[in-house]
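Structure first, then comments.
Numbering of ligands and ligand atoms starts at 1, following listing order.
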Amino acid sequence: MAAKEETVEGKYVYDFAEGNKDLKDLLGGKGANLAEMTNLGLPVPPGFTITTEACKAYLMTGREPDGLAGQIEAHLESLEREMGRRLGDPDDPLLVSVRSGAKFSMPGMMETVLNVGLNDRSVIGLSTQAGGNDRFAWDSYRRLIQMFGKTVCEVPGEEFEHALDEAKHAKGTQNDLDLDADDLRALVDAYKKIFAKHTGREFPQEPREQLDLAIRAVFDSWNAERAILYRRQERIPADLGTAVNVVTMVFGNLGPDSGTGVAFTRDPGSGAQGIYGDYLANAQGEDVVAGIRNTVPLQELEQLDKTSYDQLLGIMARLEEHYKDLCDIEFTIERGKLWMLQTRVGKRTAAAAFVIAGQLVDEGLIDLDEALHRVNGAQLAQLMFPRFQLDHDFQPVARGIGASPGAASGKVVFTSARAVELAAEGESVILVRRETNPDDLNGMIAAKGILTSRGGKTSHAAVVARGMGKTCVSGADELEVNVPAKKFTVGGHTVGEGDVVSIDGTTGRVYLGEVPVTPSEVVQYFEGELDPETTDDPLVRAVHRIMTHADAARRLRVRTNADTGADAARARRFGAEGIGLCRTEHMFLGDRRELVERLILAGGGRERDEALAALLPLQRADFVEIFREMDGLPVTVRLIDPPLHEFLPPLEQLAVNVAVAQERGEDVAKEEALLSAVRRMHEENPMLGLRGVRLGLVIPGLFAMQVRAIAEAAVAVARDGGAACPEIMVPLVGAVQELETVRAEAEKIIAEVVGDSGVDVLIGTMIEVPRAALTAGQIAEAAEFFSFGTNDLTQMGWGFSRDDVEGAFFWRYLELGIFGISPFESIDADGVGRLVRIAAEEGRAARPGLKLGVCGEHGGDPDSVHFFHEVGLDYVSCSPFRVPVARLEAGRAAISTTGSDSR
Ligand code: PEP
Ligand code: MG
């Protein structure tokens with residue numbers, strides 16, 4: 001059937017026969033799919049849908065749009081004609097349900113009112129209709145008053161519950177079904193009194209008024225607090241509004257030959273084929289949700305009502321073939337007649353998404369492009385981390401920022417040194433700090449996980465942990481961390497060194513004690529430990545197949561951010577096609593720190609040259625290792641970026657040490673010199689201070705040493721028969737003159753070192769200062785490539801300190817909807833993204849063929865990858881663990897000009 005896409009201005013009500021599944025924007029998911037099923041000829045109770053446009057107009061103005069009331073009237077009349085019953089008819093009433101249904105499913109977030117149309121008179125007619133079943137009629141009426149009172153008139157639900165409990169108590173039972181017609185009639189009276197007490201009016205007897213008020217309540221429920229929260233979490237836009245479905249009631253509670261159930265056409269947990277679902281005889285949908293009675297597996301319906309069961313299976317097969325996807329279904333059987341109340345493409349776990357996409361390709365229902373479209377990077381990322389088995393009763397004691405996903409348990413340590421010691425003894429450790437700094441690197445490498453009480457998603461701990469694929473929770477500010485006392489306190493608990501904690505880097509949750517962990521089979525596959533051709537794990541087979549297709553489809557190359565041979569090797573196994581950012585600063589730590597101190601303390605001249613000369617072979621060896629690992633793939637080495645005082649001890653600590661030593665009369669000449677250097681180099685805003693290219697221009701010989709080390713390493717690898725493709729990258733450039741100065745010196749050194757070795761060294765720059773983006777045309781004259789440093793570009797574009805703001809006030813910005821996600825996590829396309837776009841366009845205009853990449857954290861973020869694809873970058877670079885995610889999303893970006901939503 002051709003999709004009817006145009007909407008008619010001023011038409012607010014659509015009969016089910018008028019809609020189709022592609023009209024979700026207008027009719028909501030439920031309405032569009034009820035229409036689709038109606039048009040497929042499936043047994044759907046007749047009804048109509050009030051559009052999201054009507055809801056939006058109502059929410060904007062506080063009143064129903066002109067024309068809506070008349071259109072509802074007309075559709076109601078035609079429904080009454082079709083059913084041969086009238087709403088409110090005392091002898092043979094039509095009853096309807098009023099159900100919300102937005103474009104994206106928001107389970108349980110909005111309102112539903114059943115049995116609309118019942119009043120003191122039609123309840124008698126309903127009983128006659130139901131073959132003299134008084135009990136059923138009065139039970140339906142009390143449900144209406146309860147649901148209507150609670151959702152439409154805000155009567156506290158507990159009062160109804162309480163009255164029901166009292167009725168059961170008086171009867172000496174715990175079971176609703178033991179209440180007979182008289183009991184329920186009395187309960188209706190009690191409910192009406194509760195209603196009148198809270199609303200100051202009688203329960204409305206006029207069915208049309210019931211209907212109008214229920215519709216209005218559904219509109220209003222779009223802005224209920226829980227709905228707003230849910231939307232924010234699921235990133236559903238706030239301005240979509242909900243549609244309202246008015247559907248003829250069918251009853252699953254008319255006796256043992258009636259019932260209600262839910263079904264899935266495949267297992268939404270694992271993707272396995274088969275029939276999954278639950279059935280509850282003699283019940284309505286809300287009984288299943290309320291868990292009053294236990295459901296039975298759907299298969300048991302075969303014994304209870306074979307005809308309906310067979311019909312349902314036939315419909316499920318038909319729906320799967322029609323939607324070409326896993327469908328979930330709600331149905332009711334009314335006295336042996338099956339009715340479909342809802343279907344939709346069902347939600348599923350990340351694993352099921354991959355498995356089902358693979359199966360549907362095998363079944364010829366979809367092609368590989370569509371399979372790729374139906375999975376996403378967030379799902380793949382989820383599958384790549386070890387998981388906690390939280391079936392046990394663990395309660396989190398704190399919640400921080402899920403800074404680097406995964407699950408880790410281990411003994412708490414508070415220093416890097418202790419982490420290394422205990423790890424060497426074979427212990428799993430969690431390094432707990434207020435915040436980490438470059439000195440903690442060894443401890444971070446040794447630890448299973450990192451937990452900090454301060455810092456956001458781009459804090460040192462977060463960035464480094466992600467780089468290593470190590471679990472990290474940052475900014476858990478309920479923790480009072482006391483490193484000298486080797487303990488932290490949280491919620492009345494004190495945790496000391498050696499105590500075990502568990503941290504979940506996906507949710508940011510922190511648990512006391514050991515929560516068991518399951519490893520990821522998908523990582524085993526990427527690591528080459530599971531052969532996708534021979535494994536019988538359907539998930540691994542599906543991931544392999546879809547990744548292979550993504551790689552074939554994508555235009556963006558995917559590189560990695562790696563600074564060690566080990567990281568580079570892992571990233572290659574994960575599919576990296578080069579290094580987009582090798583940060584050289586960690587190469588200045590550990591036992592090299594002393595040389596760096598000498599370099600900083602040297603007044604200049606010979607001492608400085610000696611310190612640099614001592615660093616040169618160490619750097620060269622680092623680069624040789626990385627070039628060898630990358631074996632001819634491009635390697636972008638960034639010259640040193642952070643302010644040098646980061647390599648010196650902290651000011652306060654040093655000042656105290658010196659004062660104490662002086663007091664004792666010790667020789668403190670060296671410490672004093674260090675202290676005065678630290679004081680001299682102290683900056684109020686180090687992120688905006690002497691760092692990046694500024695360091696290179698101020699400290700003679702520093703960049704030159706690095707350039708020489710890179711060039712010599714490349715030549716050494718080439719002379720050994722290997723291949724090296726270095727790209728030297730200058731950080732924090734804001735003006736072309738800065739780059740030109742560095743370039744002039746670098747070119748001389750490169751020419752001298754490279755000679756006739758055949759090694760080609762490119763020189764380019766990061767674009768991470770807004771001024772650089774805005775003068776990219778000039779800068780491109782001196783750069784063979786640009787790599788967007790979107791961490792700093794976001795920091796400087798927004799004026800947000802990247803180490804502080806996420807923990808400090810982003811919650812408020814998210815609450816106010818100023819942004820839906822941290823701009824440090826996903827590129828702010830309108831602002832920071834615009835800088836990227838301008839720089840890409842103007843850079844390429846000045847130098848056609850200019851190589852463009854991104855190496856900020858955004859390089860591995862799914863939405864950002866689509867943006868970089870669209871802007872026309874050549875590659876994205878991200879931490880090794882995110883390489884598969886970036887490959888998948890780059891493939892999706894390449895094929896996704898249109899298509900369904902994989903939400
Ligand atoms: C950036 O700023 O995006 C970047 C990659 O550099 P760093 O994170 O090291 O400042
Ligand atoms: Mg930067």
Crowded around Arg434 CZ? As in, over 12 foreign heavy atoms under 6.0 Å?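 Counting neighbours around CZ of Arg434, 12 or fewer heavy atoms of other residues, nucleotides or ligands fall under 6.0 Å, so no.
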Assess Arg638 for proximity to ligand 1: is some non-hydrogen atom of it under 4.0 Å away?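 So Arg638 counts as touching ligand 1.
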Can you check whether Thr790 has an N/O within less than 3.5 Å of an N/O in ligand 1?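 Right, the criterion is met.
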Do any nitrogen or oxygen atoms of Gly789 come within less than 3.5 Å of a nitrogen or oxygen of ligand 1?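 It does: an N or O of Gly789 is found under 3.5 Å from an N or O of ligand 1.
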Flag the pair [X] / [Y] as yes when their ring centroid distance falls below 6.0 Å, and as no otherwise.
| X | Y | result |
| --- | --- | --- |
| Phe868 | Phe788 | no |
| Phe800 | Phe809 | yes |
| Tyr813 | Trp798 | no |

Indicate if the distance from the Mg ion (ligand 2) to the nearest N, O or S atom of Asp641 falls below 2.8 Å.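 Short answer: no, not a single N, O or S atom is under the cut-off.
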His858 side-chain N/O to Pro823 backbone N/O, donor-acceptor pair under 3.5 Å: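 Between the backbone of Pro823 and the side chain of His858 there is a qualifying donor-acceptor contact (under 3.5 Å).
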Answer yes or no: is there a donor N or O on one side and an acceptor on the other, between the side chain of Arg620 and the main chain of Ala713, under 3.5 Å?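 Side chain of Arg620 to backbone of Ala713, a donor-acceptor pair under 3.5 Å: no, none is there.
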Of all N/O/S atoms in Asp792, which lies nearest to the Mg ion (ligand 2)?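 Nearest to the Mg ion (ligand 2) within Asp792's N, O and S set: OD2.
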When you measure from the Mg ion (ligand 2) to each N, O or S atom of Glu768, which atom gives the shortest distance?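 It is OE1, the N, O or S atom of Glu768 closest to the Mg ion (ligand 2).
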What atoms in ligand 1 come closer than 4.0 Å to a heavy atom of [X]?
| X | result |
| --- | --- |
| Arg802 | 2 (O), 7 (P), 8 (O), 10 (O) |
| Leu581 | 5 (C) |
| Asp641 | 10 (O) |

If you take the nearest heavy atom of each of Glu585, Met766, Arg583, which one is closest to atom 9 (O) of ligand 1?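 That would be Arg583.
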